[in-house]
Amino acid sequence: MTATTEYTPETVTPEAENENGTETGAVADTGGAGAAEAASAEALPVLHPHVNAWFELNARDLPWRHPEAGPWGVMVSEFMLQQTPVSRVLPVYEQWMARWPRPADLAAEPSGEAVRAWGRLGYPRRALRLHGAATAITERHGGDVPREHSQLLALPGIGEYTAAAVASFAYGQRYAVLDTNVRRVIARAVSGTEYPPNATTAAERRLARALLPEDVPTAARWAASSMELGALVCTSKNPECGRCPIVAQCAWVRAGKPPHQGPARRTQTYAGTDRQVRGRLLAVLRDAVTPVPQKDLDAVWHEPVQRARALDGLVADGLVEPLEGGVYRLPRT
DNA sequence: CAGCCGTGGGA
DNA sequence: TTCCCAAGGCT
């Protein structure tokens, strides 16, 4: 099947009481320096026609891009995809949506069930936040994922990126969606560097806004297509520039692909950290049907101080509920 | 704002 | 085997 028709943003109100064409994007203008911004925006390459055309032919057929996924499906996928590869999200997403097809379905269950269903996706606090977001949506938004960027941003687990992504992917609005893929594409194609800065900068936000096509549907398509380009072609390690639709305009290629200079990105150690201990503890609790005795948790890590600290942390985060008598379980709240 | 928060697959 | 990293958010 062609990918073309699969990425049609759901339009809850097709007539769209005019979604306010003046929306500028998720990125707040930091104010000032208007002249400098205008000047820098003039020389920008026009990338979206090429990338959007490439997307028509190369977009992956992902379930959250199907119309039936709806805003809730888009939102669930965005939570799961935070720092997690598509291949690992797919099966969990399918089970999740089958079990909780609407936000209210998830909100009706204890948060611990969300943590359990999250499985081994990692960063289980995301499951807690998704449950919290579903609860807020049920209580404050009548059970429908809000379409306003500001209202999305107010939900737990939704930051600048996810708010823009849901607004754009689910509702077809015009927002700069600045994830790690898009940041890399912009860094190379426009800035001529191999990698973007470690932390998102005001300059990047400015660039992303300037690259956003005026036409709303085209802008929504660009948000998805530029992200897909970064995920499939303009990858971090071995970019396939021979397949890139904008190789002719790429500043980094033009400069001879200079290697990244400057401080290396922080390598996150894992072995021996609290995170690893937390992961082991939670794995035991996820797989348990009944409350788990302390001794079963003690078995996962040799060092008692770190073990206790990790468990305390899980309790503090609301991922684990301590009961009387030194037994633990996933939260029932 | 730098550090923390999981996991498993590929190079 | 070791290293890198994959659609961030929160404090």
Side-chain angles (χ1 to χ4, degrees), chain A residues 7 26 55 59-60 62-65 69 73-93 115 118-130 132-133 152-170 175-185 194-202 204 208 223-232 234-239 260 263-286 300 309-310 312-314 316-320:
Chain A
Y7 181 69
F55 188 65
R60 287 168 294 180
L62 301 171
W64 43 87
R65 288 177 174 168
V74 170
M75 184 175 145
V76 169
S77 76
E78 290 302 333
F79 271 74
M80 292 183 173
L81 288 164
Q82 291 169 4
Q83 303 287 282
T84 307
V86 166
S87 60
R88 286 177 40 215
V89 165
L90 282 170
V92 181
Y93 171 85
V115 173
W118 198 255
R120 305 190 67 82
L121 279 186
Y123 293 140
R125 289 191 293 190
R126 290 182 293 165
L128 227 44
R129 293 175 186 146
L130 181 50
L152 289 165
L153 199 55
L155 297 173
I158 294 192
E160 178 180 317
Y161 160 75
T162 304
V166 173
S168 180
F169 301 159
Y175 280 98
V177 179
L178 203 48
D179 81 317
T180 186
N181 289 305
V182 177
R183 293 182 64 215
R184 188 172 54 247
V185 168
E194 184 178 19
Y195 296 118
N198 277 335
T200 305
T201 64
E204 286 184 274
S225 69
S226 55
M227 193 175 307
E228 191 79 336
L229 184 66
L232 298 183
C234 192
T235 51
S236 183
K237 269 202 278 187
N238 300 110
H260 177 72
R265 309 204 301 219
R266 305 187 306 273
T267 83
Q268 295 194 50
T269 54
Y270 180 63
T273 63
D274 286 6
R275 296 161 73 179
Q276 184 181 24
V277 184
R278 286 166 58 105
R280 290 195 183 182
L281 289 170
L282 205 57
V284 172
L285 292 159
R286 268 199 314 265
V300 306
R309 185 172 63 234
D312 285 349
L314 289 171
D317 288 345
L319 284 163
V320 172

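A, B, ... follow the sequence lines: proteins, then strands. Residue 1 opens every chain.
- For B/dG3 and C/dA7, the P atoms lie 23 Å apart once the distance is rounded to whole Å.
- Partner of A/F55 under the side chain to side chain contact (heavy atoms under 4.5 Å, CB included) criterion, out of A/R60, A/M227, A/E228: A/E228 alone.
- The closest donor-acceptor contact from the side chain of A/Y195 to the backbone of A/S236 lies under 3.5 Å.
- With rounding to whole Å, A/M80 atom CE is found 15 Å from C/dA6 atom C1'.
- When distances are taken from the side chain of A/R184 to each of B/dT7, C/dG8, C/dA6, the shortest belongs to C/dA6.
- Between the side chain of A/R275 and the base of B/dT7 there is no donor-acceptor pair of N/O atoms closer than 3.5 Å.
- As rounded to whole Å, 8 Å separates atom P of B/dA2 from atom CG of A/N198.
- The nearest whole Å value for the distance from the CE atom in A/M227 to the C1' atom in C/dG8 is 12 Å.
- When heavy atoms are screened at a 4.0 angstrom cut-off, A/R88 is found touching base atoms of the nucleic acid.
- Here the side chain of A/R88 pairs a donor or acceptor atom with the backbone of A/L121 at under 3.5 angstrom.
- In this structure, the nucleotide among C/dC5, B/dG6, C/dA7 sitting nearest to the side chain of A/K237 is C/dC5.
- Residue A/L62 places its side chain closer to C/dA7 than to any other of C/dA6, C/dA7, C/dG9.
- Of the candidates C/dA7, C/dG8, B/dC5, C/dA7 carries the atom nearest the A/L81 side chain, counting heavy atoms from C-beta on.
- Side chain of A/R183 to backbone of A/E204: no donor-acceptor contact under 3.5 angstrom is found.
- Closest contact between the side chain of A/R125 and the listed nucleotides C/dA7, B/dC4, C/dA6 involves B/dC4.
- Judged by distance alone, with hydrogens and angles left aside, A/R60 brings a side-chain donor or acceptor within reach of the base of C/dA7, the pair sitting under 3.5 Å.
- Comparing A/A199 and A/S87 against DNA chain B, the residue whose closest nucleotide sits nearer the 5' end is A/A199.
- Note: CD (A/Q276) to C1' (B/dC4) measures 15 Å, nearest angstrom.
- Between A/I158 and A/T180, the one whose closest nucleotide on DNA chain C sits nearer the 5' end is A/T180.
- Per the geometry, CZ belonging to A/R126 stands 15 Å off P belonging to B/dC5, to the nearest Å.
- In this structure, the side chain of A/S168 does not engage the main chain of A/V166 through any donor-acceptor pair within 3.5 Å.
- Note on A/Q83: every side-chain N or O is 4.0 Å or more away from OP1 and OP2 of C/dA6.
- Residue-level contact check: A/G159 touches the backbone only, with heavy atoms under 4.0 Å from sugar-phosphate atoms and none from bases.
- The side chain of A/R278 has B/dG6 as its nearest neighbour among B/dG6, C/dA7, C/dC5.
- Checked against C/dA6, C/dG8, B/dG6, the side chain of A/T84 finds its nearest nucleotide in B/dG6.
- In the set C/dG8, C/dA7, B/dT7, C/dA7 carries the atom at the smallest distance from any side-chain atom of A/W64.
- Looking only at distances, a side-chain donor or acceptor of A/R126 sits under 3.5 Å from a matching main-chain atom of A/M80.
- In terms of phosphate contacts, A/Y270 brings a side-chain nitrogen or oxygen within less than 4.0 Å of OP1 or OP2 of B/dT7.
- Atom-to-atom, CZ of A/R120 to P of B/dC5 comes out at 17 Å; the value is rounded to the nearest Å.
- Remark: the separation of the P atoms in B/dG6 and C/dT11 is 14 Å, to the nearest Å.
- Computed from coordinates, the A/R65 CZ to C/dA7 C1' distance equals 10 Å when rounded to whole Å.
- The residue A/L282 sits apart from the nucleic acid: no heavy atom pair falls under 4.0 Å.
- Distance, A/L128 CG to C/dG9 C1': 13 Å, rounded to whole Å.
- A side-chain donor-acceptor contact under 3.5 Å links A/E78 and A/Y161.
- Checking the phosphate oxygens (OP1, OP2) of C/dG8, no side-chain nitrogen or oxygen of A/T162 falls inside 4.0 Å.
- Both A/E78 and A/P156 lie close to DNA chain C; mapped to their nearest nucleotides by heavy-atom distance, the more 5′-ward contact belongs to A/E78.
- Looking at heavy-atom distances under 4.0 Å, A/D274 makes contact with sugar-phosphate atoms alone, never a base.
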